[in-house]
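All remarks here apply to the structure that follows.
Because the structure is a prediction, the values reported are computed rather than measured.
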Amino acid sequence: MVFIVTVISYADRSILSIAGNSIAIDLGINEITMGYIFSSFSWAYVIGQIPGGLLIDKFGTKRVYGSLIILWSLLSLLHGVIGFIPLHFAVLSLFILRFFIGLIGAPLFPANSRIVAEWFPMKERGFATATFTSAQYFAAVLFAPLIGWVSYSYGWEYVFFLLGCIGIVCAVDWLRNYDQPGKHQWISADELEFIKRGGASVLGNEKTDSGSEKRVGYKRPVFQLLRNRMVVGVYVAQYCSTVITFFFLTWFPVYLITEKQMTVLQVGFISIFPALAAFIGALTGGVFSDTLIRKGYSRTLARKIPIIAGMLISMTIISANYMDSIVFVIVIMSFAFFGRGFGGLGWAIISETSPKEVAGLNGALFNTFGNVAGITTPIIIGYILQITGSFNMALLFVGVNAFIAICCYLFVVGEIKEITIQ
């Protein structure tokens with residue numbers, strides 16, 4: 001269920017990249033303005049992280065998750081109206097709607113991380129985390145051709161109508177069928193005992209027998225988290241690795257259209273291959289990491305090895321600057337995005353090391369750092385394109401960020417262990 005909801009969320013995010021060229025032409029938007037519109041989602045997404053994490057810790061994942069799915073689906077429906085209003089209002093309306101859909105979607109990944117901590121024992125969390133993080137890549141596999149076809153055949157407005165309706169259906173399903181392990185009607189006593197023994201935080205924020213919430217009053221937990229060397233290293237590495245993701249989510253389709261002279265319909269289908277590679281990479285990285293833990297390797301090695309290997313693979317994106325063949329370019333891009341998926345285990349580290357009473361807050365801070373890249377990457381690449389007129393320096397920028405992520409895990413993070421705050 002988490003995988004499906006995350007797929008729908010990222011499908012909504014990817015509409016603007018795939019249909020972006022058509023939207024830019026219809027609304028008269030230049031590269032720099034488009035960069036700001038691409039980033040508007042992430043401005044709000046970052047602003048909403050800490051409040052969203054606190055909401056999750058206070059009210060639990062079921063109510064917060066269901067509410068945010070309904071709200072972002074309604075906002076997606078409103079996006080479709082932009083094409084039918086006067087142009088001088090349309091660009092501002094697009095920016096505002098992207099901003100609010102980012103604000104509403106902010107608690108999604110912190111909630112995912114908390115759900116994994118509640119439902120999965122330690123030895124299964126790598127794959128469980130990889131499953132929900134892989135959804136961001138599978139969204140393009142499943143929806144990129146559909147978005148391209150609907151946009152090409154009917155107009156980009158109808159893509160927003162379609163995904164808004166799908167989101168509302170998912171919200172109803174979530175509210176009817178999800179609950180915490182200790183409360184879920186379908187869980188058996190054996191399964192509950194199994195995940196408890198494995199270290200799952202199955203109580204979440206349930207009530208104790210006395211009626212008070214089982215909660216610890218930490219003093220300034222945000223500042224305590226930001227003083228932890230391991231935590232800061234993981235946060236910064238997440239920012240750098242997320243630069244790769246946002247290149248593919250925003251400018252990659254534009255790269256194919258402007259540099260390789262493809263149509264939006266062709267891009268919708270070609271975009272499947274890097275996204276599918278990243279999806280496979282995410283699942284493979286999770287399985288590989290859990291296998292290392294089962295074979296007796298430390299959690300530090302089991303999480304760090306695939307992350308560093310994945311970022312090394314992602315650095316190969318720079319070599320696309322030296323290729324003329326579109327086939328070779330797509331192979332390189334797919335390989336680089338595979339690396340991003342393979343090394344996407346930051347959320348596993350967060351779910352394993354967070355004190356459960358502030359799991360939402362820690363996940364929110366982690367996601368804040370990561371999604372600052374959603375603000376900076378589209379804008380920086382927009383300026384690079386405006387100044388240089390090509391994507392060569394943009395691909396170098398992406399590769400350098402992958403290298404910095406490697407340095408964070410090699411020299412800053414140190415041992416991966418449970419966070420202690422007071």
Residue pair [X] / [Y], side-chain donor-acceptor N/O under 3.5 Å:
| X | Y | answer |
| --- | --- | --- |
| N112 | T6 | yes |
| Y235 | N362 | yes |
| N367 | Y45 | yes |
| S314 | R340 | no |

A side-chain contact here means heavy atoms from C-beta on lying under 4.5 Å apart; do F143 and V159 qualify?
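No, their side chains stay 4.5 Å or more apart.
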Do F246 and T376 make a side-chain contact, defined as non-hydrogen atoms from C-beta onward lying under 4.5 Å apart?
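No; the side chains remain at least 4.5 Å from each other.
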Between the main-chain N or O of G374 and the side-chain N or O of T377, is there a donor-acceptor pair closer than 3.5 Å?
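No, the answer is negative, given that no donor and acceptor are paired below the 3.5 Å cut-off.
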Using a 3.5 Å distance criterion without hydrogens, assess whether the side chain of K417 forms a donor-acceptor pair with backbone atoms of T353.
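No, K417 side chain to T353 backbone: no donor-acceptor pair under 3.5 Å.
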What about the rings of F337 and F248, do their centers lie closer together than 6.0 Å?
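Yes, the ring of F337 comes within the 6.0 Å limit of the ring of F248, centre to centre.
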Set of salt bridge (Lys or Arg N to Asp or Glu O under 4.0 Å) partners for R98, sequence neighbours left out
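Testing R98 for salt bridge (Lys or Arg N to Asp or Glu O under 4.0 Å), a comparison that skips the adjacent residues, returns D12.
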Side-chain donor-acceptor pairs under 3.5 Å in residues 292-301, sequence neighbours left out?
residue : atom : partner : partner atom : Å
S298    : OG   : L301    : N            : 3.2
T300    : OG1  : I416    : N            : 2.9

Out of F138, Y137, F338, which residue meets the ring pair (Phe, Tyr, Trp, His ring centres under 6.0 Å) rule with F279?
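So, applying the ring pair (Phe, Tyr, Trp, His ring centres under 6.0 Å) to F279 and each of F138, Y137, F338, only F138 qualifies.
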What residues form a ring pair (Phe, Tyr, Trp, His ring centres under 6.0 Å) with F161, not counting sequence neighbours?
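F161 satisfies ring pair (Phe, Tyr, Trp, His ring centres under 6.0 Å) with Y158 once adjacent residues are dropped.
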